[in-house]
Amino acid sequence: MLVLVTYDVSFDDPNGPARLRRIAKICEDFGTRVQYSVFECDLEPDQWVRLKARLLDTYDEAVDSLRFYMLGKNWRRKIEHHGAKAALDLFKSPLII
């Protein structure tokens, strides 16, 4: 299933920048960054449970926010991209390692 993860981390808190880096790293472990604080994550159910748990353990609920958009298995017809940075299709674009 495709899950869109977005986050906003407060920099008013002195620990904010470090927490932002940790949250971004967790998201990078599970998905692809599509904008600064937005990740597309194509996940199996067990991966979704792990990702969500790690993010909820990391963010500060008093000053930060996390949003999860569940786009499901038929996500291709739910996403439309326009503008700069051509969208990467994880299943059609070539992967170079």
Open item on the list: Pair Asp8, Ser65 - check side chain to side chain contact (heavy atoms under 4.5 Å, CB included), show working.
Closed with: CA-CA 5 Å; Asp8 187 29; Ser65 67; 3.5 Å; yes

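Interatomic distance, Asp29 CG to Gln47 CD, rounded to the nearest 0.5 Å: 11.0 Å. In this structure, Tyr59 OH and Leu66 CG are separated by 6.0 Å, a value rounded to the nearest 0.5 Å. Expressed to the nearest 0.5 Å, how far OG1 of Thr58 lies from CG of Asp60 amounts to 11.0 Å. Summarising the geometry, atom NZ belonging to Lys25 is positioned 14.0 Å from atom CG belonging to Leu20; distances are rounded to the nearest 0.5 Å. Interatomic distance, CG of Leu51 versus SG of Cys41, reported as 5.5 Å (0.5 Å rounding).
When the shell of 6.0 Å around CZ of Arg33 is examined, it contains more than 12 heavy atoms from other residues, nucleotides or ligands.
Trp48 and Phe68 have their aromatic ring centers within a separation under 6.0 angstrom.
Here the rule is side-chain contact (heavy atoms from CB on, under 4.5 Å) with Lys52, and of Val49, Leu55, Leu56 only Leu56 fits it. When the options Arg50, Arg54, Arg21 are evaluated for a side-chain contact (heavy atoms from CB on, under 4.5 Å) with Ile26, the one that passes is Arg54.
The pair Asp13-Arg19 meets the salt-bridge criterion, with a side-chain N (NZ, NE, NH1 or NH2) lying under 4.0 Å from an Asp/Glu carboxylate O.
Residues Val63 and Tyr7 do not share a hydrophobic cluster, defined by chaining ILVMFWY side chains whose heavy atoms lie under 4.5 Å apart. No single ILVMFWY cluster, assembled from side-chain heavy atoms under 4.5 Å apart, contains both Tyr36 and Phe39.
Considering all non-hydrogen atoms of both residues, Glu40 and Leu2 come closest at CB-CD1, 4.1 Å.
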